[in-house]
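Only heavy atoms go into these numbers, but all of them, side chains included; no hydrogens, no water, no symmetry mates. The sequence lines fix the lettering, A, B, ..., with proteins before strands; numbering per chain opens at 1.
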Number of protein chains: 2
Amino acid sequence: MVTSTKPPYDVYDANCPARQVLDRLSDKWALLVLDRLRGGPLRFNSLRRSISGVSQKVLSQVLKRLERDGLISRQVFPTVPVSVEYALTSLGGTLTATVELLTHWAETNMAAIEAAQARYDASLALA
Amino acid sequence: MVTSTKPPYDVYDANCPARQVLDRLSDKWALLVLDRLRGGPLRFNSLRRSISGVSQKVLSQVLKRLERDGLISRQVFPTVPVSVEYALTSLGGTLTATVELLTHWAETNMAAIEAAQARYDASLALA
DNA sequence: GACACCTGGTTTCCAATGGAAACCTTGGGC
DNA sequence: GCCCAAGGTTTCCATTGGAAACCAGGTGTC
């Protein structure tokens, strides 16, 4: 069925490394971080403040994973107190366009989603 | 900075409902389910078999959330043993193009990601 | 009638993850 | 000596995830 020029990766196969990537991409904080960095490099705390709700622990974990995946870079400046800048790599840059489409979709279709939820909950209530 | 014609939703604000949507989208199983349904309606067990690694519990939870969000529909057929078909709604259909871009990105850029991981791990090993 | 089997779940149990808050480190300033 | 700031790490507890067992209800089989 899939005999085209596709790469030998199949995200539906649990043993496929592409699934590992999808696991990372499908982390809400990772998506938000990547999108946030589109505007240029950011330091740890300003990144944290700009994404309300993320804890320091989780943010540092997410940043480490993204760095390991080569999607962002981490640069330390020997200022007083040391400052650290995170920036998109070129690989990460190729992702952000797609991520932007996702966040844009979310913002655009919120009203429809909320309406659907209300309908669903109402139908349950009278059941 | 963002003073354009954007809707009054801000995914970076934890209190924004768009974040709830992003939470759902950034669920790896949800992404896989939505993409799988692009080919047409599927029944519970065939969906489960086609996405290796998902448990029954999690799949039914994901399907319930997606149905509540109005992204998929659930139709019961009174066959002998009852069969249940899940299908994309039109709202869900608007998402799948974006989702496809994400999975396609994952499959395309796997090699680069794996190389980055190897580099990262190597640099840690000699530290 | 007792038994096994099908789909489509729910329940149970345990391990892994997430988040809040406290703590640590390095280096000023006062 | 004391406090502060940046960038984390550690601790602790609650929530979530997954494997496997169980359930419902309807059919067929002996």
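Across the protein-nucleic acid pair, B:L42 atom CG and C:dG8 atom P stand 11 Å apart, rounded to whole Å. What separates CG of B:L63 from C1' of C:dT10 is a distance of 14 Å, to the nearest Å. One interatomic measurement links the two molecules: CG of B:L47 to P of C:dG9, which rounds to 11 Å at whole-angstrom precision. At whole-Å resolution of the value, CG in A:D27 and P in D:dT16 are 15 Å apart. We find that NZ of B:K57 is positioned 17 Å from P of D:dC22, with the value rounded to whole Å. Rounded to whole angstrom, the span from the CZ atom of B:R49 across to the C1' atom of C:dC6 amounts to 11 Å. The NZ atom of A:K28 sits 12 Å away from the C1' atom of D:dT16 (whole-angstrom rounding). Following rounding to the nearest Å, A:F44 (CZ) and D:dA6 (P) show an atom-to-atom distance of 12 Å.
Counting heavy atoms from C-beta on, the side chains of B:R36 and B:L47 come closer than 4.5 Å. Side-chain contact check for A:Y120 versus B:K64: some heavy-atom pair is nearer than 4.5 Å. You'll find the side chain of B:V33 stays beyond 4.5 Å of the side chain of B:Y86, heavy atoms only. Between A:V99 and A:R38 the shortest side-chain heavy-atom distance does not fall below 4.5 Å. A:W105 is not listed as a side-chain neighbour of A:T108, based on a closest heavy-atom distance of 4.5 Å or more.
Between A:Y86 and D:dA6 there is no side-chain N or O to OP1 or OP2 distance below 4.0 Å. At D:dT9, one or more side-chain N or O atoms of A:K64 fall inside 4.0 Å of OP1 or OP2 (strictly under the cut-off). Put simply, B:W29 has a side-chain N or O that comes within less than 4.0 Å of OP1 or OP2 on D:dG18. For C:dG8, neither phosphate oxygen OP1 nor OP2 lies less than 4.0 angstrom from any side-chain nitrogen or oxygen of B:S60.
Nearer the 5' end of DNA chain D, as judged by each residue's closest nucleotide, is the contact made by A:Q56, out of A:Q56 and B:Q61. Judged by closest nucleotide on DNA chain C, B:V84 is the one of A:V80 and B:V84 placed further toward the 5' end.
Looking at heavy-atom distances under 4.0 Å, B:F77 makes no contact with the nucleic acid at all. Within the 4.0 angstrom heavy-atom criterion, only backbone atoms of the sugar-phosphate kind lie near A:R43; the bases stay farther away.
Taken from CZ in B:R48 to OG in B:S60, the straight-line distance is 10.5 Å, to the nearest 0.5 Å.
Of all the residues in residues 68-76 of chain B, not one reaches under 4.0 Å from DNA chain D with any non-hydrogen atom.
At distances below 3.5 Å, at least one donor-acceptor pair connects side-chain atoms of B:T89 with backbone N or O atoms of B:L71.
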